[in-house]
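Structure record follows, encoded as structure tokens.
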Amino acid sequence: MQANEIPAGYMQDAQKRLTPVEMIDPIDLERNDLVVEMVNQAKALKKQLIAFKLSGMGNIEALLELSADKYNVKMGGKKGNVSLTSYDGRYKVQRAIAENIDFDERLQVAKELIDQCIQRWADGVDSKVRVLVDHAFQVDKQGNISTSRILSLRRINIDDEQWSQAMEAIADSIRVSGSTTYLRLYERVGDSEQYAPISLDIAKL
């Protein structure tokens with residue numbers, strides 16, 4: 001018997017203790033069977049969804065290549081977002097490619113410049129700007145900074161050379177660390193022009 005193998009007629013609890021099956025309360029056995037069965041079904045569904053996504057992405061790419069061939073165009077790798085609609089307009093499939101953005105050390109330079117601006121402006125600074133800056137540089141429980149909040153600072157129009165330097169430092173600190181591809185499916189709502197997403201999120205079903 002291998003070190004991690006559970007002997008026949010025994011079950012292992014959360015503390016790694018072995019208990020004879022006949023000594024376990026029947027309701028505990030029923031609960032265990034239900035949980036294990038549902039998790040195994042979910043794992044099987046996950047594999048099917050992964051296969052569905054990979055197949056769908058490949059088919060979309062093949063269709064794009066087919067369209068390009070018609071016009072003697074050579075596609076150079078994946079090209080951003082694309083929306084495909086069924087002939088009757090009832091269904092729509094979208095492939096969306098979102099870039100993953102983070103920041104290098106120059107973001108801390110930008111933060112220092114912004115702090116110097118606020119200190120220099122003292123009471124003259126709009127309280128809303130101070131709140132926006134503090135909010136933008138807050139980190140979540142994982143220690144990550146919100147990309148959208150940082151980039152929102154660049155939309156604040158302040159006529160100040162040091163502030164402009166800070167905004168330039170933010171722009172220079174942006175790095176594209178990769179991309180995430182999404183596959184979204186929609187169905188037309190009745191005879192309207194609106195589409196409702198076909199959710200594959202079990203929590204939203």
Side-chain angles (χ1 to χ4, degrees), residues 1-63 78 80-86 88 90-104 107-108 131-132 134-152 174-190 192 194-205:
M1 185 176 64
Q2 296 181 357
N4 295 329
E5 187 176 342
I6 299 173
Y10 286 81
M11 291 181 65
Q12 183 174 272
D13 66 12
Q15 281 74 47
K16 308 296 184 184
R17 297 175 301 198
L18 295 176
T19 306
V21 172
E22 64 267 17
M23 294 181 61
I24 301 174
D25 193 310
I27 193 64
D28 292 335
L29 294 174
E30 289 289 342
R31 184 188 309 109
N32 176 76
D33 291 345
L34 173 62
V35 171
V36 172
E37 179 184 5
M38 292 186 66
V39 168
N40 286 336
Q41 290 175 346
K43 287 182 176 180
L45 285 172
K46 180 181 178 181
K47 288 182 179 180
Q48 292 179 34
L49 285 173
I50 292 172
F52 168 73
K53 180 178 180 180
L54 293 175
S55 173
M57 293 299 182
N59 290 336
I60 289 173
E61 199 65 34
L63 181 64
K78 291 184 177 179
N81 303 343
V82 62
S83 182
L84 309 173
T85 308
S86 62
D88 61 3
R90 183 179 178 186
Y91 301 114
K92 181 167 60 175
V93 173
Q94 288 184 342
R95 182 192 74 180
I97 299 178
E99 291 183 334
N100 301 325
I101 295 175
D102 57 19
F103 304 93
D104 63 23
L107 184 64
Q108 295 306 314
V131 170
L132 283 173
D134 291 340
H135 187 55
F137 283 94
Q138 284 180 355
V139 297
D140 60 20
K141 293 180 179 179
Q142 287 72 43
N144 299 318
I145 286 179
S146 168
T147 301
S148 60
R149 291 202 298 257
I150 291 294
L151 296 181
S152 70
I174 296 173
R175 295 188 302 119
V176 178
S177 57
S179 64
T180 303
T181 304
Y182 299 94
L183 187 62
R184 300 187 176 100
L185 301 94
Y186 300 87
E187 183 174 9
R188 187 186 291 276
V189 179
S192 71
Q194 296 194 350
Y195 285 85
I198 300 173
S199 179
L200 298 178
D201 182 346
I202 192 171
K204 296 180 180 179
L205 297 178

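When a residue number appears, it is its place in the shown sequence, counting from 1.
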Note to self: Before you tell me yes or no, could you show the steps for Ile174 and Phe103 under side-chain contact (heavy atoms from CB on, under 4.5 Å), namely the whole-Å CA-CA distance, both residues' side-chain angles and the distance that decides it to 0.1 Å?
What the structure shows: CA-CA 5 Å; Ile174 296 173; Phe103 304 93; 3.7 Å; yes
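Considering all non-hydrogen atoms of both residues, Pro7 and Leu18 come closest at CD-CD1, 3.8 Å. Nearest heavy-atom pair across Ala98 and Tyr182 is CB-CE1, 3.9 Å. Taking both residues in full, the closest heavy atoms of Ile145 and Ala136 are given as CG2-O, 3.7 Å, listed atom of the first, atom of the second, then distance.
Here CD of Gln108 is found 7.5 Å from CZ of Phe137. Values are rounded to the nearest 0.5 Å. Taken to the nearest 0.5 Å, the OH atom of Tyr10 stands 15.0 Å off from the CZ atom of Arg17. Here CZ of Arg95 is found 10.0 Å from CG of Leu183. Values are rounded to the nearest 0.5 Å. With rounding to the nearest 0.5 Å, the separation of CG in Asp25 from CZ in Arg31 is 8.0 Å.
Asn81 places a side-chain N or O within 3.5 Å of a backbone atom of Ile97 that can act as its donor or acceptor partner. Remark: side-chain polar atoms of Asn32 are not paired, donor with acceptor, to backbone N or O of Asp28 under 3.5 angstrom. Of the possible donor and acceptor atoms, none in the side chain of Arg184 sits under 3.5 Å from a partner among the backbone N and O of Ala96.
In this structure, Glu30 places its CD atom where only 12 or fewer heavy-atom neighbours from other residues, nucleotides or ligands lie under 6.0 Å away. Surrounding CD1 of Ile202 are at most 12 heavy atoms belonging to other residues, nucleotides or ligands under 6.0 Å away.
Between Thr85 and Tyr91 the shortest side-chain heavy-atom distance does not fall below 4.5 Å. In this structure, Met11 and Thr19 have side chains that are not in contact, with every pair of non-hydrogen atoms separated by 4.5 Å or more.
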Tabulate below the donor-acceptor pairs under 3.5 Å that side-chain atoms of residues 45-60 make, not counting sequence neighbours, or state none.
residue: Lys53; atom: NZ; partner: Thr181; partner atom: O; Å: 2.9
residue: Asn59; atom: ND2; partner: Ser55; partner atom: O; Å: 3.3

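Among pairs with a residue in residues 194-205, those fulfilling side chain to side chain donor-acceptor pair (under 3.5 Å) read Arg188-Tyr195, at least two apart in sequence or across chains.
Of the candidates Ile101, Asn100, Asp102, Ile101 is the only one forming a side-chain contact (heavy atoms from CB on, under 4.5 Å) with Thr147.
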